[in-house]
> 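Quick one: structure below, then a few questions.
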Amino acid sequence: GQFPLSQIGGTVGGQIGSSNTTYFVSFDQFGLDRQRLLSTLEQRAGVGDSTLTGDSHTLTASAFAARMDHRFSSRDTTYLTFNRDEMHGNSLNPGQDARLPIRAKGLNVIQHDVAIANTFDLSPNATNRTTAQFISADTQAPAGTAELGLESNLATVRHSRVFQAASNLYRQVGGGNVRLGGDFLYNQMNISFLQTSQGRMAPGGPALSQTGRYASLYAQTQRQLRP
């Protein structure tokens with residue numbers, strides 16, 4: 001029969017030709033069928049599996065990550081990363097088997113993360129670092145799940161987007177250093193309830209929408225005092 005637990009994964013990386021570019025890619029996936037697992041354990045123990053009826057309780061999660069580094073010169077380097085994480089879960093209704101948890105019923109989480117960073121040496125004593133990151137997350141949470149969004153008796157759908165960029169200049173002066181920089185942050189989140197439409201669950205209108213923009217500048221100096 002099929003295994004109740006499954007896991008696959010792998011990594012690959014190296015240098016692209018004779019260039020100054022390297023890469024790294026990894027993937028990992030995990031799957032669990034709790035009903036089949038409990039049924040297998042009961043059968044091995046000589047106990048019937050008549051109590052395990054109804055829909056299966058499954059949970060799958062996967063993670064994909066990729067990174068590329070490129071050296072333009074001895075003073076200029078850049079890297080780019082991409083990550084994708086997924087989790088999907090379904091479980092029995094409480095009336096079918098009260099022993100099994102129901103918190104994973106209808107759970108779907110997908111998140112993307114893209115980041116880029118550049119480090120440039122302006123001089124032997126000065127370095128500038130610029131970064132940018134974008135995160136996108138879509139979550140469908142079962143009723144009563146507070147930690148993944150808005151606690152409610154109805155299932156919810158949450159869409160969130162976050163973008164952040166920053167630039168920092170570091171310069172060493174004598175026995176101290178000077179730091180200058182700024183950053184910008186934009187985030188947006190929408191939460192809606194799942195509603196029944198023609199016998200199917202579909203997102204309704206936004207129940208909560210929030211958008212924020214933040215920007216800041218800073219200057220810092222540090223000097224070491226000698227006795």
Side-chain angles (χ1 to χ4, degrees), residues 7-30 61-87 108-139 147-149 158-191 208-227:
Q7 185 174 12
I8 59 173
T11 60
V12 62
Q15 185 177 3
I16 301 178
S18 59
S19 65
N20 294 324
T21 303
T22 59
Y23 71 95
F24 176 83
V25 179
S26 67
F27 176 78
D28 186 63
Q29 185 178 59
F30 172 83
S62 64
F64 174 82
R67 173 168 174 148
M68 184 175 66
D69 294 74
H70 182 74
R71 180 180 293 273
F72 294 96
S73 67
S74 59
R75 300 167 52 192
D76 189 1
T77 59
T78 297
Y79 74 80
L80 174 68
T81 62
F82 173 79
N83 296 278
R84 175 186 171 91
D85 299 296
E86 289 189 51
M87 183 170 64
N108 295 283
V109 180
I110 301 177
Q111 177 171 304
H112 298 89
D113 184 342
V114 181
I116 185 171
N118 173 262
T119 302
F120 185 77
D121 294 329
L122 301 173
S123 70
N125 298 323
T127 300
N128 184 78
R129 179 176 173 82
T130 303
T131 61
Q133 184 178 29
F134 175 75
I135 301 175
S136 171
D138 296 299
T139 302
E147 65 270 23
L148 292 174
R158 184 180 70 176
H159 306 279
S160 62
R161 306 289 183 267
V162 177
F163 172 77
Q164 184 174 17
S167 182
N168 300 276
L169 174 64
Y170 173 84
R171 178 177 175 82
Q172 187 173 358
V173 181
N177 60 71
V178 177
R179 297 184 181 185
L180 303 173
D183 65 270
F184 172 79
L185 174 66
Y186 171 84
N187 65 72
Q188 182 183 45
M189 181 178 65
N190 295 317
I191 296 179
L208 175 64
S209 181
Q210 182 178 1
T211 301
R213 299 177 181 87
Y214 311 92
S216 65
L217 298 172
Y218 79 92
Q220 177 183 353
T221 180
Q222 182 179 359
R223 179 172 293 274
Q224 182 177 0
L225 300 178
R226 298 180 179 179

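Predicted model only: the values in this text are computed from it and were never measured. Residues: numbered from 1 along the sequence shown.
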> Looking at OG1 of Thr131 and OH of Tyr79, how far apart are the two atoms once the value is rounded to the nearest 0.5 Å?
7.0 Å

> Nearest 0.5 angstrom please: Gln111 CD to Arg84 CZ, how far?
11.0 Å

> Flag the pair Ile8 / Phe27 as yes when at least one side-chain heavy-atom distance between them is below 4.5 Å, and no otherwise.
yes

> Counting C-beta onward and ignoring hydrogens, is there a side-chain heavy-atom pair between Asn128 and Ser167 closer than 4.5 Å?
yes

> Where is the tightest heavy-atom contact between Tyr214 and Gly212, given as atom of each residue plus distance?
CE1-C, 4.0 Å

> Could you go through the side-chain hydrogen bond (donor to acceptor under 3.5 Å, both in side chains) check for Asp28 and Ser26 one step at a time?
CA-CA 7 Å; Asp28 186 63; Ser26 67; over 6 Å; no

> Report the distance from atom OG of Ser160 to atom CD of Gln210, rounding to the nearest 0.5 Å.
11.0 Å

> If you look only at distance, which donor and acceptor atoms sit under 3.5 Å apart when one is on a side chain in residues 113-122 and the other is two or more places apart or in another chain?
unit_1: Asp113; atom_1: OD1; unit_2: Gln133; atom_2: NE2; d: 3.1
unit_1: Asp113; atom_1: OD2; unit_2: Gln133; atom_2: NE2; d: 3.1
unit_1: Asn118; atom_1: ND2; unit_2: Asp76; atom_2: OD1; d: 2.7
unit_1: Asn118; atom_1: ND2; unit_2: Thr77; atom_2: O; d: 3.1
unit_1: Asn118; atom_1: ND2; unit_2: Thr78; atom_2: OG1; d: 2.7
unit_1: Thr119; atom_1: OG1; unit_2: Arg129; atom_2: NH1; d: 3.1
unit_1: Asp121; atom_1: OD1; unit_2: Thr127; atom_2: OG1; d: 3.0

> Determine whether Tyr218 and Asn168 satisfy the following criterion, side-chain hydrogen bond (donor to acceptor under 3.5 Å, both in side chains), listing intermediate values before the conclusion.
CA-CA 9 Å; Tyr218 79 92; Asn168 300 276; 2.8 Å; yes

> To check you understand the geometry: which heavy-atom pair defines the closest contact between Leu217 and Gly182, and what is its length?
CD2-CA, 3.8 Å

> In chain order, what residues pass the salt bridge (charged side-chain N to carboxylate O under 4.0 Å, His left out) check against Arg75, with sequence neighbours excluded?
none

> Return the minimal non-hydrogen interatomic distance between Ile110 and Glu86, and the atom names on each side.
CG1-CG, 3.9 Å

> Rounded to the nearest 0.5 Å, what separates atom CD in Gln164 from atom CG in Leu185?
5.0 Å

> I need the Arg161 CZ to Ile135 CD1 distance, nearest 0.5 Å.
11.5 Å

> Above 12 or not: heavy atoms from other molecules or residues under 6.0 Å from CE of Met68?
no

> Check salt bridge (charged side-chain N to carboxylate O under 4.0 Å, His left out) between Arg171 and all other residues, then give those that pass, not counting sequence neighbours.
none

> Rounded to the nearest 0.5 Å, how far does CZ of Phe163 lie from CD of Gln188?
14.0 Å

